[in-house]
Amino acid sequence: MYVRVLLIWVLSTTCLINVSFGFDPVDNYLIDCGSLTNTHVGDRVFVADVFNSSILSTPQIIYLSTKSNFISSAFDLALYQTARIFNGTSQYTFSIKKQGFHWIRLYFFPFVDGNYNLSMAKFSVSAQSFTLLSDFQPQNDPVVKEFSLNVTSDDLVLTFTPRNSFAFLNSLEIVSIPNGLFPVGARTIDPPVKYQTFLTEAMETVARVNMGNHSVSPQNDTLWRRWVSDEPYLGHVNLVTFVLNMSAVNYSTKWPTRDVAPPSVYGTATRLNSKQDPLTRVNVTWSFSVDPNFQYLVRFHFCDIVSVSPEQLFFNVYINSWLVALNLDLSNLTSNILGTPYCMDVVTTSSDSQVLSVSIEPSTLVAPYADGILNGLEIMKLSDSKGSFAVRDFKVNSKKKAWVIVGISTGVSVVAFFSALFLFVVCRRRRRSSLVGHSADDHIVNNAGGNCQTLENKHASGIAIISCSKIGYRFPFVAIQEATDNFSESLVIGFGGFGKVYRGVLTDGTKVAVKRGTSQSRQGLAEFKTEIEMLSQFRHRHLVSLIGYCHEKNEMIIIYEYMEHGALKNHLYGSDLPSLSWKQRLGICIGSARGLHYLHTGSTKPIIHRDVKTANILLDENLMAKVADFGISKAIPEIDKTHVSTAVKGSFGYLDPEYLTSQQLTEKSDVYSFGVVLFEVLCGRPVINPSLARDMVNLTEWAMEWEKRGELKKLIDPCLKGDIKPDSLWKFGETAVKCLAEHGVNRPNMGDVLWNLECALQLQGNDERPNLNGDSDPLPDNVDHFETSISSSQFSVGSAHSLADVSMSRLFSQMVKAEDKSTD
């Protein structure tokens, strides 16, 4: 009881302080649209619309009102009870006394009154040269759209343009913003450079969040901003504790001030909850919905209200997978004065992701246990190059452009048609003989290839090969015989359950890898069909690409892109190949994780690889990793299903124990196998080695035991001694351990695995490492350049981005080894 009374007293005192020190704006237009009387909201007065008729130009005066009590508990209920209707283009013109940044707050609630259903309105709103809203249609709930822009003229004109029959507005604010509230520039996180164009751009408030599961109403903010609670945005509430300690806040510096954020923001915090278990190191993530292809200003609010002395709190800060601050020490930034607010601004680059995530993670420095806090967060959407906040429909735009392209190409097509017709007549006769022997099940990949129209050299049999598409084309057996020198044993580059793998060269000089099934193959027609079906429906830079196939004369042959450096397994042990550096290994793991993440999320039906292992991770000439061998892969047939029941298949040592016992296959089965791969990469030894001591035979058990002891460094491949930084090693080991959790529900998804591996690479730094030839070169592009978004939209099937990333001149050399047995 006393605690509750004390809390109410503190909040009331804070409110009085805010009022007494409140900002007095030079320009302060508050209008209750459609109202005939002034409306009091707290200590502010919204003037009746009738008294502002001189600043509004509109075709007709139409007022509406409602007695709805949809938000009866809201202090600003009155601002939504009336509305002004615009049945034609209408303009508010405000005289600006002091140029600079101004708030524009627009209040909307689509109620029904007489002949007007406000939810049917569709309109646009512009100010100066900026399009604030485009084809906006408010639905159901009340909403405040808040914008800030730098007014550089003596007048601010706000224009409403109906897109159907009318537009509407409930209330309106045009208010000066204190000098210095917004930065002139802020650093970007990708790449980390200065960003200097705030003065020429407008911003829309996407989120204004107060941490500590405590909201702040506008009357408790000097600038009348609403701060919502962070709890709905948290990924795992059980990982945090909510802190309230407003008495600790001390505005001892010139900036930030109470105008930047009130004490009720800096006096509450969300804190990592790991004190009870010092060995638990977790990250806490808040996720927000954003519009793709825009940049965002992200403002972090920090205030150390939890420490009892300086230099106790160290943590890392991330946006998506990008590091914002490493080992952040608030006491160092605030002159060792606890409770001093600190504000940090960063700008994200544009991304096609619809989610922006913010994370805090414990540092590995001197903190006795994992710790970290966040007090508040603001996310501002920056206007695009056209001064607009409208989300562009790229599909629609593409269709419009397509009509232009069609018109331009029509003339060329007419000429090409007659040429193609002549070639078709000639080629059809020659192709008939090659099609006679084809089996009835050839339809499985009829749509896999492109529409290539260039004829290559003829073979002795008279068959013409169309190899320029190089994507899923059906090859006649005679062409493959020629490419592999009649399957010469000298060209064998690998063995697997399906058969031998040969190196080959097509008639146009393209190198390929040819996997030829045998009559004794444990992977028969079903696996042959599965692999072709899988590979023909997706293309991704980190998945081995299908070049073609052959199914005639009882042959089952698949042709892939050639991977210059073969299987990852051969670079870790069992060969005389040069050893990979730690950063090269990290880059390979990241690439593999991207490929698996795409399989799990990149299409309507998640695909489970089911045989993730180092023998199925192949490397091209630049050491870019690509996942291979989809013969036993499985698609989850229904989008709402979490697993599929199936016979257990996979490779010994990599099998998910939960899948083995339950026969229920999920994406987390791939995650487990990938965890085994991570330890294999770190230790540089086989998964199963019977020649070792009993406790070392199984790599997973051996590695997990040493990781529990905190002695992960003793497992490191001798080739990597002195090559791995401790923070990077810890992050990598932690990720592997999480992947190997006994139950799938406790394992991360591949997106989280990718995020953590990229963190491990960033913690390693940008040191140069020797390449495979022994020279000291920068790391290959696939290691240092990350894609910041891991959403499924980034890897849409058949997109130009995906196809462009496929290198059809680099093909793979090695599939699986005979000793990697698969269980039926």
Side-chain angles (χ1 to χ4, degrees), residues 14 17-30 44 94 96-106 127-128 130 132 144-153 156 173-188 194-211 216-228 249-267 295-303 333-334 340-348 374-383 389:
T14 302
I17 292 174
N18 285 342
V19 172
S20 61
F21 288 94
F23 171 67
D24 185 16
V26 176
D27 297 309
N28 191 27
Y29 294 94
L30 309 177
R44 299 203 299 173
F94 300 97
I96 300 301
K97 299 176 183 177
K98 182 180 179 181
Q99 297 182 7
F101 276 101
H102 284 65
W103 298 118
I104 297 178
R105 294 187 181 121
L106 308 175
Q128 294 190 144
F130 297 100
L132 306 182
V144 179
K145 304 295 286 186
E146 181 183 272
F147 304 89
S148 54
L149 66 153
N150 186 27
V151 180
T152 57
S153 61
L156 173 62
E173 293 184 44
I174 304 293
V175 182
S176 300
I177 295 177
N179 292 334
L181 183 69
F182 292 122
V184 175
R187 65 185 177 91
T188 60
K194 289 293 183 180
Y195 187 91
Q196 299 288 347
T197 58
F198 289 128
L199 295 178
T200 59
E201 294 184 0
M203 291 180 279
E204 177 185 0
T205 303
V206 174
R208 182 175 288 119
V209 182
N210 182 35
M211 276 53 187
V216 179
S217 61
Q219 67 264 40
N220 285 331
D221 183 291
T222 59
L223 302 184
W224 284 82
R225 295 163 296 190
R226 184 185 301 276
W227 302 74
V228 298
V249 180
N250 178 11
Y251 289 94
S252 59
T253 57
K254 293 182 179 180
W255 198 88
T257 64
R258 284 179 171 81
D259 290 335
V260 174
S264 45
V265 169
Y266 287 123
Q295 292 180 296
Y296 292 87
L297 169 64
V298 181
R299 169 166 284 186
F300 295 86
H301 295 276
F302 297 105
C303 186
L333 298 170
T334 57
T340 300
Y342 177 74
C343 187
M344 181 169 61
D345 296 312
V346 294
V347 174
T348 68
L374 184 58
N375 302 77
L377 186 75
E378 294 178 89
I379 302 175
M380 307 284 188
K381 177 182 175 183
L382 302 182
S383 57
F389 294 100

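Since the model is a prediction, treat every value here as computed from it, not as a measurement.
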**Asked** Are side-chain heavy atoms of Phe300 and Leu377 found at a separation under 4.5 Å?
**Response** yes
**Item:** Residue pair Thr253 / Thr334, side-chain heavy-atom distance below 4.5 Å
**Value:** no
**Request:** Show your working on side-chain contact (heavy atoms from CB on, under 4.5 Å) between Leu181 and Leu223 and close with a plain yes or no.
**Result:** CA-CA 11 Å; Leu181 183 69; Leu223 302 184; 3.7 Å; yes
**Message:** Taking the six-membered ring for Trp, are Phe147 and Phe389 closer than 6.0 Å centroid to centroid?
**Reply:** yes
From [atom1] ([X]) to [atom2] ([Y]), nearest 0.5 Å:
| X | Y | atom1 | atom2 | value |
| --- | --- | --- | --- | --- |
| Met380 | Gln295 | CE | CD | 15.5 Å |
| Ser264 | Asp221 | OG | CG | 7.0 Å |
| Tyr29 | Ile174 | OH | CD1 | 9.5 Å |
| Leu149 | Trp103 | CG | CH2 | 11.0 Å |
| Leu374 | Met211 | CG | CE | 4.0 Å |
| Asp345 | Arg299 | CG | CZ | 4.0 Å |

Any idea which heavy atoms bring [X] and [Y] closest together, and the distance?
| X | Y | value |
| --- | --- | --- |
| Cys343 | Tyr266 | CB-OH, 4.3 Å |
| Gln128 | Val151 | OE1-CA, 3.4 Å |
| Ile96 | Ser153 | CB-O, 3.9 Å |
| Val249 | Pro263 | CG2-O, 4.0 Å |
| Trp255 | Gly180 | NE1-O, 3.5 Å |
| Val144 | Arg105 | CG1-CB, 4.2 Å |

Using only atom types and a distance under 3.5 Å, with no angle test, would you say the side chain of [X] pairs donor to acceptor with the backbone of [Y]?
| X | Y | result |
| --- | --- | --- |
| Thr205 | Ala207 | no |
| Asn210 | Trp227 | no |
| Ser383 | Ala202 | yes |
| Thr348 | Tyr296 | yes |

**Request:** Check Ile104, Asn28, Leu30 against Glu173 for a side chain to side chain contact (heavy atoms under 4.5 Å, CB included) and give me the one that passes.
**Result:** Leu30
**Message:** What verdict does the side-chain contact (heavy atoms from CB on, under 4.5 Å) test give for His102 and Asp27, after you've listed the backbone C-alpha separation in whole Å, the side-chain angles of each residue and the deciding distance to 0.1 Å?
**Reply:** CA-CA 8 Å; His102 284 65; Asp27 297 309; 2.8 Å; yes
**Request:** Please determine if Glu146 and Arg208 form a salt bridge, counting it only when a charged side-chain N lies under 4.0 Å from a carboxylate O.
**Result:** yes
**Item:** Verdict with supporting geometry, Phe130 and Glu204, side-chain contact (heavy atoms from CB on, under 4.5 Å)
**Value:** CA-CA 11 Å; Phe130 297 100; Glu204 177 185 0; over 6 Å; no
**Message:** Please determine whether side-chain contact (heavy atoms from CB on, under 4.5 Å) holds for the pair Val260 and Tyr251, giving the CA-CA distance in whole Å, both sets of side-chain angles, and the decisive distance to 0.1 Å.
**Reply:** CA-CA 11 Å; Val260 174; Tyr251 289 94; over 6 Å; no
